[in-house]
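It should be emphasised that the depicted structure is a prediction, and the values quoted were computed from it without experimental measurement.
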Protein chains: 2
Amino acid sequence: MELKVYGHRVSQPSRAIMIFCKANNIEFEEVSVDLSKGEHKSPEFKEINPVGQVPAIIHGELKLFESHAILIYLASAFPGVADHWYPADLVKRAKLHSVLDWHHSNLRRGAATYVFNSRLAAVFGLPLNPQAAAEAEKCLISSLSTIESFWLEDSGKFLLGANQPSIADLSLVCEIMQLELLDENDRNRILGPYKKVQQWIENTKNAINPQFDELHGALYHLSATLRKQ
Amino acid sequence: MELKVYGHRVSQPSRAIMIFCKANNIEFEEVSVDLSKGEHKSPEFKEINPVGQVPAIIHGELKLFESHAILIYLASAFPGVADHWYPADLVKRAKLHSVLDWHHSNLRRGAATYVFNSRLAAVFGLPLNPQAAAEAEKCLISSLSTIESFWLEDSGKFLLGANQPSIADLSLVCEIMQLELLDENDRNRILGPYKKVQQWIENTKNAINPQFDELHGALYHLSATLRKQ
């Protein structure tokens, strides 16, 4: 049964899905949806995801969107995905759901809104919004602080004290990687105080390379272009 | 193993947890956390949930927060919970995760932010914020429209075309019930155009009564008090 992944490599949840597939030898057809051309709002794409957001997948009869739901589905439906990505143990799974749910209203909201309003809007020809960026920065800083002091436990290299990465490590680290789109000083100002977070990002990259860096190529390229301007 | 549920009945995700337990004969001790007194930010409560939000549970060694994660855990850990609440079928479960994830950044964000900034802030002695309320209203209206036209399918009385309620019906309907805290005209103005949504709210209440109304007593009481003022 063919798997199609609709996304854009500059979209952090799109990357998470594609990295997950590549790291787990899940074959898929990548269908690029160009956000800068508004393809995610086209009638053709809305047939796949009526809400008009990437990523989305088609697998057999199933059309699915929301990246966490997709990651859980892929980890459950494809044989051979190692347990550490989405543990079967009820307590481990419950805590994983907790961090994934927390992500939505905290790190996702802070990071995505900050990057968009302080930098990325200009790429789409829209005005920057310093007030919205300032509000989002508070949420982002608070979220990084919660990761540093709570979600990263001393017992392991990954979230929730695990010794191997889960879909939550992948999702949250892909989110933080969007900060590469900021001016370098701004990125360092924000991430600088969070030493455990920085080490965890490195641990996650190292555990999921070469696929992690391969799928981040478009982001690194856009980052370099923006920083030259 | 004793289950403790920390929450407040005026908090919509707290109600969802307690209704779920009562409807499924899961015994629990309700520990009231008075939000108006800031008890959710107390050192004692932060021992249970460092993020300082309700609801949270303790079950044996497990401390857990984020209401969707809690609902999934309870549906999985307690024997005798009927399959319709959290289907074992991978495709049904994937779609359920999709609507639960969508809830965070859409209906939850719109409804909770609108109710708080247009009405509830005053209850906590804080100023109302008409600009934030206006932004949130757009998100709320768009979310209701997506439920009406997409998540409610014609094949069944509940979300995703199901014939019996899931944890998503419970969570999302509890969210919309917060609109009872608005002035009645305002509530009717917002919900009025969405006939399928209104019918679905009734279907969900009817399917989960008397527990649904029992746990909404505090909300109905606060609503009546606010509307008299």
[atom1] of [X] to [atom2] of [Y]: how many Å apart, nearest 0.5 Å?
| X | Y | atom1 | atom2 | result |
| --- | --- | --- | --- | --- |
| A:Glu66 | B:Leu100 | CD | CG | 10.0 Å |
| B:Trp102 | A:His104 | CH2 | NE2 | 12.5 Å |
| B:Lys95 | A:Lys63 | NZ | NZ | 9.0 Å |
| B:Leu62 | A:Ser98 | CG | OG | 9.0 Å |
| B:Arg109 | A:Arg109 | CZ | CZ | 6.0 Å |

Neighbour count above 12 (heavy atom, 6.0 Å) for [X] [atom1]:
| X | atom1 | result |
| --- | --- | --- |
| A:Glu47 | CD | no |
| A:Glu27 | CD | no |
| A:Lys92 | NZ | no |
| A:Glu180 | CD | yes |
| B:Glu137 | CD | yes |

Name the region of [X], side chain, backbone, both or neither, that has any atom closer than 4.5 Å to a heavy atom of chain A.
| X | value |
| --- | --- |
| B:Ile72 | side chain |
| B:Val99 | neither |
| B:Ser105 | side chain |
| B:Ser76 | both |

Below 4.5 Å, heavy-atom pairs only: which of A:His59, A:Glu61, A:Gln53, A:His68 has the largest tally toward chain B? A:His68
Run the side chain to side chain contact (heavy atoms under 4.5 Å, CB included) check on B:His97 and A:Ile70 step by step: do they pass? CA-CA 9 Å; B:His97 288 153; A:Ile70 294 172; over 6 Å; no
Closest heavy-atom pair and its distance - A:Leu90, B:Tyr73: O-CD1, 4.1 Å
Given heavy-atom pairs under 4.5 angstrom as the criterion, report whether the side chain, backbone, both or neither of A:Phe65 touches chain B. both
Side chain, backbone, both or neither: which part of A:Leu64 has a non-hydrogen atom closer than 4.5 Å to chain B? side chain
For the interface with chain A, which of B:Ala77, B:Ser149, B:Ala69, B:Ser142 has the highest count of heavy-atom pairs at distances below 4.5 Å? B:Ala69
